[in-house]
Protein chains: 4
Amino acid sequence: MPRKGGETSRARLLEAAERLFAERGVKGTTVSAIVAEAGLTQAAFYLYFRSKEAMVEALVNRFGEMLDRYTDAGRQAEHYPPEQLRERVTAVFVGLFELLGRNANLTRVVLQDTEAGERYRNRIVAQIAGNMRRNRSLGIVDAGIEPEIAAEAIVAAVERLVFRYVMAGGRTAEELGRHTAHLFLNGLLPDGGPADGEGARRT
Amino acid sequence: MPRKGGETSRARLLEAAERLFAERGVKGTTVSAIVAEAGLTQAAFYLYFRSKEAMVEALVNRFGEMLDRYTDAGRQAEHYPPEQLRERVTAVFVGLFELLGRNANLTRVVLQDTEAGERYRNRIVAQIAGNMRRNRSLGIVDAGIEPEIAAEAIVAAVERLVFRYVMAGGRTAEELGRHTAHLFLNGLLPDGGPADGEGARRT
Amino acid sequence: MPRKGGETSRARLLEAAERLFAERGVKGTTVSAIVAEAGLTQAAFYLYFRSKEAMVEALVNRFGEMLDRYTDAGRQAEHYPPEQLRERVTAVFVGLFELLGRNANLTRVVLQDTEAGERYRNRIVAQIAGNMRRNRSLGIVDAGIEPEIAAEAIVAAVERLVFRYVMAGGRTAEELGRHTAHLFLNGLLPDGGPADGEGARRT
Amino acid sequence: MPRKGGETSRARLLEAAERLFAERGVKGTTVSAIVAEAGLTQAAFYLYFRSKEAMVEALVNRFGEMLDRYTDAGRQAEHYPPEQLRERVTAVFVGLFELLGRNANLTRVVLQDTEAGERYRNRIVAQIAGNMRRNRSLGIVDAGIEPEIAAEAIVAAVERLVFRYVMAGGRTAEELGRHTAHLFLNGLLPDGGPADGEGARRT
DNA sequence: CATGAATGAGGTTTCATTCAT
DNA sequence: TATGAATGAAACCTCATTCAT
């Protein structure tokens with residue numbers, strides 16, 4: 001295990017990179033900007049990372065681990081009585097906003113600016129779509145829903161809301177989670193509202 | 001080497017840039033890659049654009065005009081009887097998917113990779129949120145909906161679906177429009193379905 | 001002999017170049033700037049000049065011819081009675097300021113920005129120094145004067161005064177000629193003035 | 001490849017640039033030529049100067065400081081008895097030729113090839129002209145002298161003689177100083193010499 | 001006579017990376 | 001562990017010049 005300075009420097013570099021990558025993009029951030037932010041020299045960078053690319057990889061891995069921890073934690077509660085569905089979904093959204101919000105820069109970098117991000121996103125989408133498909137066949141999800149499309153929409157929305165509201169501040173994960181859950185579970189229209197003629201509800 | 005004429009070359013450059021920018025990002029695309037794709041030399045690039053930056057601006061403007069034309073066209077049908085709401089919204093989504101899908105690369109570049117893109121997105125979100133707020137006070141939109149959040153979610157979802165399905169092929173604008181409309185209007189849950197206990201519908 | 005447009009265009013190009021070269025230097029002036037100033041296209045430039053360098057040569061020649069005409073004109077009056085020396089020298093200076101002032105841009109370009117200019121200057125200096133040396137041996141010029149140095153000083157002064165006063169306006173050739181003649185003939189000190197003790201006049 | 005150390009490299013670059021700028025002009029000298037002369041790579045240049053322009057600025061400043069040191073040093077001996085005028089002026093000229101001659105390249109570059117040079121020259125001219133005007137009102141300088149013109153002539157002559165003789169070798173600062181002083185103090189004509197008829201001395 | 005379109009060569013500048021200390 | 005100094009490669013951009021029309 002390296003001495004004090006070591007871990008500290010590496011961590012500082014990652015932190016600085018995260019911030020800058022999120023702000024200016026990976027391509028738009030120079031190694032020299034990162035080390036300046038971290039209070040080190042360019043050469044020091046290469047003590048901790050084989051290359052700029054390798055550093056991006058490190059961030060990607062960090063993101064992956066974060067996600068795995070979350071997924072593992074959620075695994076146990078896979079099955080729950082239908083009457084708790086709404087609360088359950090809300091809780092999942094809130095948790096996600098908390099998690100991603102706490103790592104908003106990292107999330108943005110990985111998801112929007114790396115090849116690996118595409119893969120992560122697809123994995124998440126696939127998992128959600130799978131769940132949804134299962135729930136659809138159980139009648140829990142509306143038959144008119146196309147899981148792939150809905151999953152993609154949900155992920156995109158969450159991603160965006162994290163950047164927009166958690167990162168920039170202004171909304172709590174709680175708020176965002178509740179409203180997002182409501183939106184995706186019920187849609188915009190009120191129950192049996194004025195625009196909702198009989199039978200018209202099927203697309 | 002073809003000497004077709006100015007407008008043609010300029011157009012070829014824009015086309016090539018659009019493709020490459022969308023693929024590798026603006027920063028990740030070199031002028032030399034653009035001209036290679038367009039079958040020209042680097043110097044020719046600067047015959048048509050003051051700088052790489054100026055070319056991005058040209059793309060941004062092109063996107064803006066596209067959007068304006070769409071917005072103007074939609075202006076006339078602002079008010080419609082409630083019973084047509086569903087069809088009307090569906091049509092808007094379909095139209096949007098058609099429009100953005102036809103310009104998927106341009107949309108991606110501008111919206112995801114330029115400062116101006118942020119502004120456009122915010123403008124669109126604001127407009128949608130405004131509509132939604134109005135409709136909410138009319139009882140057309142559920143009282144539990146937070147317009148800013150919902151609008152942000154919708155825009156993010158559309159953006160993403162365009163890249164995922166229209167650009168890559170696999171889904172028609174029609175399909176996407178219908179499903180997206182359904183998702184956002186009704187939500188995932190079925191009407192009065194099993195998970196939808198009495199009174200539980202309110203968040 | 002080319003038609004109307006022809007000579008006109010060539011002349012316009014030279015004129016424009018003269019102005020721009022004087023302002024920004026030869027290296028600092030692009031062909032494109034020249035043709036823009038002349039209201040032509042780049043290709044047109046090469047109808048009249050083999051290259052930018054060739055155009056500079058043309059300007060150098062034009063300067064040379066100008067100078068030759070002046071020298072030839074002055075040739076006949078080489079010998080003149082001593083009592084007219086002062087007036088004669090003044091007249092030469094005035095004439096020179098008139099000539100160079102009328103072609104101030106050209107003079108500046110050639111003398112300060114071309115290899116050939118160095119040669120011209122050296123030729124002029126040599127001629128003046130020669131005259132001076134002859135006059136010195138005749139007792140017309142002070143024995144303490146070093147012709148090369150004095151000639152170099154005179155040429156430099158004239159050159160500079162042309163740029164400073166004739167080109168920018170503010171002094172007439174007449175004024176400049178009179179004052180320059182006076183300065184170089186008598187020097188700064190007054191005749192037998194206060195600072196001029198007996199015998200002290202020799203260096 | 002030597003890795004001597006930063007200050008050395010920076011100095012070598014400035015030295016090389018001074019030489020080349022004086023020879024070929026600023027515009028005519030490429031960064032690549034400078035670094036070649038200094039035995040470095042292009043990238044190294046930008047370790048020490050923000051741009052080529054910034055390097056020119058550095059040279060201009062260096063010239064300015066040189067001049068200031070000289071001016072400050074001369075300040076103390078502002079007033080001196082008239083009978084020492086000649087020696088005093090000679091000493092000033094000699095000192096100037098020494099100073100500028102020791103920095104001939106720098107002087108040439110700054111004075112002939114930069115905007116700032118114009119300003120410096122004007123400042124020097126103005127100062128000399130001011131002195132002269134004062135001395136003229138004291139009767140020390142001939143009433144027929146026009147200070148601006150004379151000052152301009154003196155500066156131009158000195159500048160030129162530095163390039164011609166100090167830079168290229170061939171004359172010492174001492175020689176040049178003495179002859180220049182003599183020329184500008186007494187003029188070309190001998191005292192009461194043959195060409196100096198009665199009353200003709202006034203222009 | 002003149003132009004619109006293009007280009008090859010080369011300029012300035014930036015960047016990720018290396019290495020001796 | 002850290003740095004100061006350097007570099008090769010490549011980025012963006014400019015310029016003099018050419019040629020088909």
Side-chain angles (χ1 to χ4, degrees), chain A residues 2-10 27 29-35 39-55, chain B residues 1-10 27-35 39-55, chain C residues 2-10 27 29-35 39-55, chain D residues 1-10 27-35 39-55:
Chain A
R3 300 290 147 64
K4 212 188 65 187
E7 257 329 281
T8 300
S9 290
R10 188 174 195 277
K27 278 259 150 84
T29 303
T30 67
V31 171
S32 111
I34 296 169
V35 297
L40 288 170
T41 62
Q42 303 218 51
F45 181 96
Y46 292 89
L47 289 176
Y48 300 105
F49 304 97
R50 222 176 346 85
S51 64
K52 190 184 166 190
E53 211 195 331
M55 174 187 246
Chain B
M1 255 137 253
R3 269 175 215 212
K4 299 266 175 106
E7 270 317 300
T8 305
S9 292
R10 189 174 194 275
K27 280 257 151 88
T29 304
T30 68
V31 170
S32 106
I34 296 170
V35 296
L40 288 169
T41 60
Q42 295 220 50
F45 181 96
Y46 293 92
L47 240 44
Y48 299 103
F49 304 97
R50 241 183 17 285
S51 63
K52 191 183 160 187
E53 208 193 339
M55 177 190 243
Chain C
R3 301 290 148 68
K4 213 188 65 186
E7 259 326 284
T8 300
S9 290
R10 188 174 196 274
K27 279 257 148 89
T29 304
T30 67
V31 171
S32 109
I34 297 170
V35 298
L40 286 170
T41 62
Q42 303 219 50
F45 181 96
Y46 293 89
L47 289 176
Y48 299 105
F49 305 96
R50 222 179 342 85
S51 64
K52 189 184 167 189
E53 211 195 335
M55 174 188 247
Chain D
M1 257 135 253
R3 266 174 217 216
K4 297 264 173 106
E7 269 318 299
T8 306
S9 291
R10 188 176 195 274
K27 281 256 151 90
T29 304
T30 67
V31 170
S32 106
I34 296 170
V35 297
L40 288 169
T41 59
Q42 297 221 53
F45 182 96
Y46 293 90
L47 240 44
Y48 299 104
F49 304 97
R50 238 183 18 288
S51 64
K52 192 183 159 188
E53 207 193 339
M55 175 189 244

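Just so we're clear, the structure is a prediction, and the values are computed from it rather than from any experiment. All chains are named by letter (A, B, ...) in the order of the sequence lines, taking the proteins before the strands, and each is independently numbered beginning at 1.
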Atom-to-atom span, CG of Leu40(A) to P of dG4(F) - whole angstrom: 11 Å
Nucleic acid footprint by protein, nucleotides 10-16 of chain E - heavy-atom cut-off 4.0 Å, B for base, S for sugar-phosphate alone: -SBBBBS
Phe49(C) CZ to dT18(F) P, straight-line distance once rounded to whole Å: 15 Å
Reported NZ-to-OG1 distance for the pair Lys27(A) and Thr29(B), which is rounded to 0.5 angstrom: 8.0 Å
Taking every non-hydrogen atom, the tightest pair across Ser32(C) and Val35(C): O-CG2, 3.2 Å
Dot-bracket encoding of pairs in DNA chain E, which uses [ ] for pseudoknotted crossings and | for another strand, Watson-Crick or G-U under 3.5 angstrom: .||||||||||||||||||||
Side-chain N or O of Ser9(A) closer than 4.0 Å to phosphate OP1/OP2 of dA2(F): yes
Non-hydrogen atoms of Arg10(D) and Phe49(D) that approach each other most closely: NH2-CE2, 3.5 Å
Closest listed nucleotide, where the reference is the side chain of Leu47(A) and the choices are dT3(E), dT1(F), dT7(F): dT1(F)
Distance in Å, Tyr48(D) OH paired with Met55(D) CE, rounded so as to fall on 0.5 Å steps: 11.5 Å
Distance (rounded to the nearest 0.5 Å) between Thr41(C) OG1 and Leu47(C) CG: 7.5 Å
